[in-house]
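The model shown is predicted, which means the values in this text are computed figures rather than measured ones.
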Amino acid sequence: MLHILAVAGVLLLWAALASPFVLALYFVLRALRRRGIRTAAAVVLPALVFALLSAPVPTPIITVFLPHGFMLIDAAYYDRILHGPALFMQLWAWIACSLSMTFLLALALCWRYVRSADPPHPTSSLDDAS
């Protein structure tokens, strides 16, 4: 039971930390949709950026920037940085699955929102007069 509560707590924490990225993704997608930009690259790029910034497992902030921060503090760490700390080496499979699942989910949502039918445009009173 304690593991279930721990996982739920971590997911709630992730949701709180990822919410600014979700909001930013929404604004980007809304701008793409309003401007009529519906190319595949325009849909894939925001999904990729969102997945890299907000995957629920150690994000690049932890897996990339933190080891480089250790390198700045301890120069001897540079020799070991390519192999990574033992904890991170054990998490690579989980990190890869998390990033790919987050990307696929974000891509599906981005594709559905941007490529869906055009939003209704408000009509002016001049159009009704003719």
Side-chain angles (χ1 to χ4, degrees):
M1 181 68 176
L2 186 61
H3 295 327
I4 294 172
L5 291 175
V7 169
V10 168
L11 287 177
L12 284 174
L13 178 65
W14 171 77
L17 293 174
S19 60
F21 298 120
V22 173
L23 187 62
L25 179 68
Y26 170 72
F27 287 141
V28 168
L29 294 178
R30 188 175 70 174
L32 290 174
R33 188 173 178 184
R34 284 185 177 176
R35 292 186 179 130
I37 301 171
R38 289 176 169 73
T39 63
V43 175
V44 170
L45 187 63
L48 180 65
V49 169
F50 175 75
L52 288 175
L53 290 176
S54 64
V57 181
T59 61
I61 293 170
I62 295 173
T63 58
V64 175
F65 297 127
L66 187 64
H68 286 84
F70 287 152
M71 181 192 68
L72 292 175
I73 295 170
D74 181 17
Y77 187 75
Y78 185 73
D79 296 332
R80 301 182 308 266
I81 199 167
L82 293 177
H83 302 292
L87 175 64
F88 292 146
M89 290 304 293
Q90 295 170 357
L91 288 176
W92 278 120
W94 179 238
I95 291 169
C97 291
S98 173
L99 283 173
S100 61
M101 291 301 291
T102 306
F103 172 70
L104 291 175
L105 180 66
L107 182 63
L109 292 173
C110 292
W111 201 271
R112 179 167 170 83
Y113 184 75
V114 172
R115 296 250 177 155
S116 64
D118 287 334
H121 297 289
T123 58
S124 67
S125 60
L126 296 176
D127 292 338
D128 294 335
S130 14

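Residues Met101 and Trp111 do not share a hydrophobic cluster, defined by chaining ILVMFWY side chains whose heavy atoms lie under 4.5 Å apart. Both Phe27 and Val44 are part of a single hydrophobic cluster, where members link through side-chain heavy atoms under 4.5 Å apart. Follow the hydrophobic side-chain contacts under 4.5 Å out from Leu48 and you reach Leu23 in the same cluster. In the hydrophobic cluster analysis, where Ile, Leu, Val, Met, Phe, Trp and Tyr join through side-chain heavy atoms closer than 4.5 angstrom, Leu104 is grouped together with Tyr113.
Looking only at side-chain heavy atoms (C-beta outward), Arg33 and Arg38 come within less than 4.5 Å of each other.
In terms of heavy atoms, Val43 sits closest to Val114 at CG2-CG1, 4.0 Å. Of all the heavy atoms in Ala106 and Ala47, the pair that sits closest is C-CB, 3.8 Å. The minimum heavy-atom distance linking Pro46 with Ala41 is given by the pair CD-O, 4.4 Å. Residues Leu99 and Ala51 share a closest heavy-atom pair of CD2-O, 3.4 Å. Scanning both residues, Thr102 and Ser98, for their nearest heavy atoms gives OG1-O, 2.7 Å.
Looking at residues two or more places apart in sequence or on another chain, you find a side-chain contact (heavy atoms from CB on, under 4.5 Å) between Ile37 and Leu32, Arg35, Thr39, Ala42. By the side-chain contact (heavy atoms from CB on, under 4.5 Å) test, Val22 pairs with Phe50, sequence neighbours left out.
In this structure, the side chain of Ser100 engages the main chain of Cys97 through a donor-acceptor pair within 3.5 Å.
Taking a 4.5 Å side-chain heavy-atom cut-off between Ile, Leu, Val, Met, Phe, Trp and Tyr, the cluster of Leu105 extends to Leu109.
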